[in-house]
Amino acid sequence: MKRTYKYQKKIEKCWESGLDLVFPPRCPVCDKPVPPTELICPACREKFVEVKAPLCLKCGKQIRDDREEYCRGCRLVMHEFERGRGLFTYRSMAESMYRFKYAGRREYARFYGEQIVRRLGKTIRGWKPDALIPVPVHSSRKRERGYNQAEVLAKEIGKKMDIPVERRLLKRVKKTVPQKLLDDKGRQNNLKRAFKICRNDVKLKVIVMIDDIYTTGSTIDACAAVLKSAGVEKVYYITAAIGKELL
């Protein structure tokens, strides 16, 4: 089994290398073709701003007051998830996230995934996950975009860390309004009964949700609640970008 898995990884790597020659990947910052063997332009490498301490002990947002353990949002809301981390500030990569999500730049996931594993891999290992689960999008949105950006990112992380990716366990059954258009109460109502479990025999105990952006946690909470109702004991999350602390 291990030999077959290693052989499959070699084939995937050769396939990616061939595609890169025909369709050079683009820089996730400036969107120009990158030099061979690179995932980002050397001049753009420092333009994504990493979230730095002090961090909220719950959601991982950067907090203003180092005397506090939790951000204002986590002091006001009882989250369903255990803990989470986002790698870069959303403000520094908003344009990149938009292209990744809506403009077909799925290759950006290779850089995002590489950086997440390099900088947050130890944290993920410490949670001891049984699997990674990408936050699902509604089938109509997946058809429009051609892919689920969270799923593409989860595959990159899972491949690099040898952690299984369960992409068919959780399904979004309700086409929701974009969360950014709603207030806090609207976000919660928007996600009621939005997700469902697709199997009756869920044997996973610890999972890590993967998404592109974390803002208030409403989406992760909705997913975590459904997963825990099916027997999952602990839910964590990892995102490429994370918003700022609520005022």
Side-chain angles (χ1 to χ4, degrees), residues 5-6 8-10 12-17 19-20 24-57 59-62 81-97 99-101 105-135 149-167 206-214 220 236-244:
Y5 179 68
K6 288 181 179 179
Q8 288 175 339
K9 289 189 75 173
K10 285 183 179 179
E12 288 176 3
K13 191 171 183 180
C14 290
W15 176 252
E16 286 181 355
S17 298
L19 285 176
D20 288 349
R26 292 180 175 270
C27 171
V29 176
C30 69
D31 201 42
K32 295 178 181 177
V34 296
T37 73
E38 296 286 345
L39 297 177
I40 191 170
C41 295
C44 294
R45 189 168 288 275
E46 304 302 321
K47 292 186 179 180
F48 286 154
V49 179
E50 189 173 351
V51 179
K52 293 181 173 61
L55 303 178
C56 173
L57 294 181
C59 73
K61 281 185 178 181
Q62 189 168 323
F81 61 84
E82 269 55 49
R83 293 187 68 186
R85 288 291 305 274
L87 180 56
F88 298 116
T89 65
Y90 175 64
R91 186 173 183 177
S92 71
M93 60 184 317
E95 291 184 13
S96 180
M97 285 278 101
R99 294 193 300 268
F100 176 52
K101 196 168 184 174
R105 293 290 188 253
R106 61 191 298 168
E107 71 262 35
Y108 290 1
R110 291 166 64 183
F111 175 76
Y112 300 157
E114 176 193 73
Q115 293 300 302
I116 285 171
V117 172
R118 179 178 296 177
R119 300 166 190 260
L120 299 178
K122 187 176 180 180
T123 297
I124 296 171
R125 292 282 186 209
W127 293 336
K128 299 179 181 179
D130 297 314
L132 308 178
I133 297 183
V135 172
Q149 71 281 353
E151 183 179 315
V152 176
L153 180 57
K155 285 181 179 178
E156 289 294 331
I157 298 170
K159 181 170 60 177
K160 289 175 170 59
M161 298 190 71
D162 290 326
I163 300 174
V165 177
E166 291 280 354
R167 61 189 182 89
V206 181
I207 65 97
V208 176
M209 299 295 306
I210 304 295
D211 206 0
D212 51 347
I213 304 164
Y214 178 94
I220 300 294
Y236 299 89
Y237 84 80
I238 288 289
T239 59
I242 190 166
K244 61 183 181 180

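All of these numbers come straight from a predicted model, not from anything done at the bench. By convention here, the first residue in the shown sequence is residue 1.
- Rounding to the nearest 0.5 Å places CD1 of Ile242 at 11.0 Å from CD1 of Ile213.
- Counting only heavy atoms from C-beta outward, the side chains of Met97 and Gln149 never approach each other to under 4.5 Å.
- When each of Phe48, Tyr214, Tyr112 is tested with Phe88 by the rule ring pair (Phe, Tyr, Trp, His ring centres under 6.0 Å), just one qualifies, namely Phe48.
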List the steps and the verdict of side chain to side chain contact (heavy atoms under 4.5 Å, CB included) for Met161 and Ile124.
-> CA-CA 9 Å; Met161 298 190 71; Ile124 296 171; 4.0 Å; yes
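- A distance of 4.0 Å separates NZ in Lys159 from CD in Glu156, rounded to the nearest 0.5 Å.
- Among residues two or more places apart in sequence or in another chain, the salt bridge (Lys or Arg N to Asp or Glu O under 4.0 Å) test is passed with Glu107 by none.
- A distance of 9.5 Å separates CD1 of Ile238 from CG of Leu132, quoted to the nearest 0.5 Å.
- Shortest non-hydrogen contact noted between Lys244 and Lys61 is O-NZ, 3.2 Å.
- When all heavy atoms are compared, the tightest approach of Ile157 to Gly113 is CG1-CA, 4.1 Å.
- Closest approach of Leu55 and Gln62 over heavy atoms only: CD2-CA, 3.9 Å.
- Between Arg110 and Glu114, no side-chain nitrogen of the basic residue sits less than 4.0 Å from a carboxylate oxygen of the acidic one, so the salt-bridge criterion is not met.
- Atoms OH and CD, from Tyr237 and Glu82 in turn, are 12.5 Å apart once rounded to the nearest 0.5 Å.
- The line from CD1 of Ile163 to CZ of Arg125 is 5.0 Å long, rounded to the nearest 0.5 Å.
- The salt bridge (Lys or Arg N to Asp or Glu O under 4.0 Å) check on Glu50 picks up Arg119, with sequence neighbours excluded.
- At distances below 3.5 Å, not a single donor-acceptor pair connects side-chain atoms of Arg83 with backbone N or O atoms of Trp127.
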Distance-only donor-acceptor hits, side chain of residues 26-38, under 3.5 Å, sequence neighbours excluded:
unit_1: Arg26; atom_1: NH1; unit_2: Asp31; atom_2: O; d: 2.8
unit_1: Asp31; atom_1: OD1; unit_2: Arg105; atom_2: NE; d: 2.7
unit_1: Asp31; atom_1: OD1; unit_2: Tyr108; atom_2: OH; d: 2.5
unit_1: Asp31; atom_1: OD2; unit_2: Arg105; atom_2: NH2; d: 3.2
unit_1: Glu38; atom_1: OE1; unit_2: Arg45; atom_2: NH2; d: 3.4

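- Nearest heavy-atom pair across Ala154 and Pro134 is CB-CB, 4.0 Å.
- A 4.5 Å side-chain heavy-atom check between Val165 and Ile210 finds every atom pair outside the cut-off.
- Contact of the Val206 side chain with the Lys128 side chain is not registered, since no non-hydrogen atoms from C-beta on lie closer than 4.5 Å.
- Lys160 and Val117 make their closest contact through CB-CG2, 3.9 Å (heavy atoms, listed as atom of the first residue, atom of the second, distance).
- Val51 and Gly60 get closest at one heavy-atom pair: CG1-O, 3.8 Å.
- A distance of 7.0 Å separates OG1 of Thr239 from CD1 of Ile116, quoted to the nearest 0.5 Å.
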